[in-house]
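Take a look at the structure below.
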There are 2 protein chains.
Amino acid sequence: MADSDSLGFKPLYRKVRESLTQRIADGRWKAGQIVPSETQIAADLSVSQGTVRKALDDMTAARLLIRRQGRGTFVATHDEARILFQFFKLKPDDGAGVFPESEVLGAATAAATAEEAAKLAIFKGEPVIRIRRLRSLAGTRCIVEMIVLPGAIFDGLQEGGIPNNLYHVYAERFGVTIAGGSEILKAVPAAAEDARDLGVVPGAPLLLIDRVATGLDGRPMEWRVSLCETSMIHYATELR
Amino acid sequence: MADSDSLGFKPLYRKVRESLTQRIADGRWKAGQIVPSETQIAADLSVSQGTVRKALDDMTAARLLIRRQGRGTFVATHDEARILFQFFKLKPDDGAGVFPESEVLGAATAAATAEEAAKLAIFKGEPVIRIRRLRSLAGTRCIVEMIVLPGAIFDGLQEGGIPNNLYHVYAERFGVTIAGGSEILKAVPAAAEDARDLGVVPGAPLLLIDRVATGLDGRPMEWRVSLCETSMIHYATELR
DNA sequence: TAGTGGTCTAGACCACTTC
DNA sequence: AAGTGGTCTAGACCACTAG
């Protein structure tokens, strides 16, 4: 995202798209709500309906909006179905994917390390929130993960408990829409602490997933490192 | 793909898209060639230019075509740059991605096992070609993989040697365009033979990548299982 | 029946590449 | 200057949903 064009030409539909995206970013359009019709937006912005359509189609492709013929256009929510589809790529080897349960092992605020600062595009020493949790699928613990958040944005997150669906909370309580992210995967041997939490022998192969999740403006909002025991589950992805 | 609509309505631009995709599938439009302009195709098929545009845009999104303003529309090739971007997700931890070198360890035809038949949507006992090869990045061996192909489609592939860029050969010699695929990833311990070929200790964690690659019609064309030593490289993917 | 998104058309003009 | 893809408009009509 960010779509910095630097030089030259910026088509009208992109200005419209950015204007409408801003309405989500600043909370004028809230998750789950219906948005005005194409013709209303077109009149509002004094552009043609076709131009609005192209902007809305772009935003739909980016999963910011959901359009339903005959009903209207809605701001996408971070419900479990969406997260399962877009962000949670681990599925049981048999059967279909389900949303995992979580048990928080620890949560604290601290000063960002150099690595955390680099991942979150903040400065070393700035406050971060660190959460460690154990996740289970169908009652079997299979993921232990560390989540690091910029404290300046998510101040007070821990109060009142840390729920299972974090991206939903980012949106509802902090107005932060997670729109995408990058993942890096490796196979690593289990360290002692992780092995204990997952109930595997030290040195056992684990799938490491290093994710930086980004907001509407493309800036990093969360760093998450998950260690997964993949004897009964797998990471699934499509090549397109 | 396949886009089986079963019941109801099929818009014109989809018929156009399928018609144009068929031109690639049956070789009338060849990899790298320029295709007629929007207006020419529109006149040819007796539809409006805007409808042709929507079909061409869809095919561009599916990476079947490449459009360049002022120059024209071209059939995408399976050159190294495209494969690096679309199909080869392993990158060095430092530096940028490069196309890996390959050393063929063995190749043979055989009767499909039940698992191979299921992956390739053929019948058990039908002929398959099996290729085992070792791949290196920057001179360091890091991937050992088994490739299984339906013998009925790729008969004679082995004659004249097996080159590094297989998808290019599928297209040029057999008219098979690999258009997409599904991957399943796991972390597994190195078996004795794989450990020997990769130069790691048995039991060392390896990233297993199980890929079924599909053709223009969405049918499986290749099954490939890669075992990767990921201490210096990683698998990179975007969440969108 | 009214309102929404989805498709299709026709035409004008802009941006880019090539000759 | 000519030809290509890219943008923008205006309007008509179709498919779907809801009251």
Side-chain angles (χ1 to χ4, degrees), chain A residues 3-21 23-24 29-77, chain B residues 3-21 23-24 29-77:
Chain A
D3 276 327
S4 54
D5 230 19
S6 352
L7 281 176
F9 175 67
K10 177 182 248 176
L12 186 53
Y13 74 85
R14 273 186 50 181
K15 295 181 195 162
V16 172
R17 188 183 74 198
E18 283 159 20
S19 163
L20 299 182
T21 301
R23 296 191 187 187
I24 299 176
W29 287 359
K30 291 193 168 52
Q33 284 184 348
I34 194 169
V35 310
S37 71
E38 290 180 351
T39 46
Q40 283 177 295
I41 296 171
D44 182 18
L45 300 180
S46 301
V47 299
S48 82
Q49 183 252 10
T51 299
V52 172
R53 162 165 283 269
K54 187 151 169 77
L56 292 176
D57 282 349
D58 277 9
M59 295 171 72
T60 303
R63 305 186 202 284
L64 297 182
L65 299 175
I66 295 174
R67 315 198 74 184
R68 275 184 281 194
Q69 191 176 43
R71 295 192 52 191
T73 302
F74 303 82
V75 180
T77 62
Chain B
D3 275 330
S4 53
D5 230 18
S6 350
L7 280 177
F9 175 66
K10 177 183 252 178
L12 186 51
Y13 74 86
R14 274 187 50 180
K15 295 180 194 164
V16 172
R17 189 182 72 197
E18 283 159 20
S19 163
L20 300 181
T21 301
R23 296 190 188 188
I24 299 176
W29 287 0
K30 290 193 168 52
Q33 284 184 348
I34 193 169
V35 309
S37 71
E38 290 179 351
T39 46
Q40 284 176 296
I41 296 172
D44 182 19
L45 300 180
S46 301
V47 300
S48 81
Q49 183 252 11
T51 299
V52 173
R53 162 165 282 269
K54 187 153 171 75
L56 293 175
D57 282 349
D58 276 10
M59 295 171 73
T60 302
R63 303 186 205 285
L64 297 182
L65 299 175
I66 295 174
R67 315 198 74 185
R68 275 184 280 194
Q69 190 176 43
R71 296 193 52 190
T73 302
F74 303 82
V75 181
T77 62

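Residue numbers start from 1 in every chain, and the chains themselves are labelled A, B, ... in the order their sequence lines are given, proteins ahead of strands. Computed from heavy atoms alone, side chains included, the values below leave out hydrogens, waters and symmetry copies. These figures come from a predicted structure and were not determined experimentally.
Annotation for B:Ile34 and B:Arg71: closest pair CD1-O, 3.8 Å, computed over non-hydrogen atoms. Between B:Ala76 and B:Ala31 the shortest heavy-atom distance is O-CB, 3.9 Å. Scanning all heavy atoms of the two residues, the minimum distance from A:Lys10 to A:Lys15 falls at O-CE, 3.6 Å. B:Phe74 and B:Gly32 get closest at one heavy-atom pair: CD2-O, 3.9 Å. Closest non-hydrogen pair, B:Leu20 versus B:Trp29, comes out as CD2-CH2, 3.7 Å.
Atom CD in A:Gln33 sits 12.0 Å away from atom OG1 in A:Thr77 (nearest 0.5 Å). Put simply, OG1 on B:Thr73 and CZ on B:Arg68 are 10.0 Å apart, with the number rounded to the nearest 0.5 Å.
Base pairing in DNA chain D yields stems of at least 3 consecutive Watson-Crick or G-U pairs, both distances under 3.5 Å, namely C:1-18 with D:1-18.
Taking every heavy atom of residues 30-47 of chain B and every atom of DNA chain C, pairs under 4.0 Å involve B:Val47, by number. Taken residue by residue, residues 68-75 of chain B places heavy atoms nearer than 4.0 Å to DNA chain C at B:Gln69, B:Gly70, B:Arg71.
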Pair A:Ile66-A:Thr60, side-chain contact (heavy atoms from CB on, under 4.5 Å): steps then yes or no: CA-CA 6 Å; A:Ile66 295 174; A:Thr60 303; over 6 Å; no
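Considering only residues two or more places apart in sequence or on other chains, A:Arg63 meets the salt bridge (charged side-chain N to carboxylate O under 4.0 Å, His left out) condition with none of them. With sequence neighbours left out, the side chain to side chain donor-acceptor pair (under 3.5 Å) criterion links B:Thr21 to no other residue.
Here the range on DNA chain C touched by chain A, meaning any atom under 4.0 Å from one of its heavy atoms, is C:dG3 to C:dA15.
Salt-bridge annotation for A:Lys54 and B:Asp57: absent, with no side-chain N of the basic residue lying under 4.0 Å from a carboxylate O of the acidic one.
Between A:Val75 and A:Leu65, the closest side-chain pair of non-hydrogen atoms falls below 4.5 Å.
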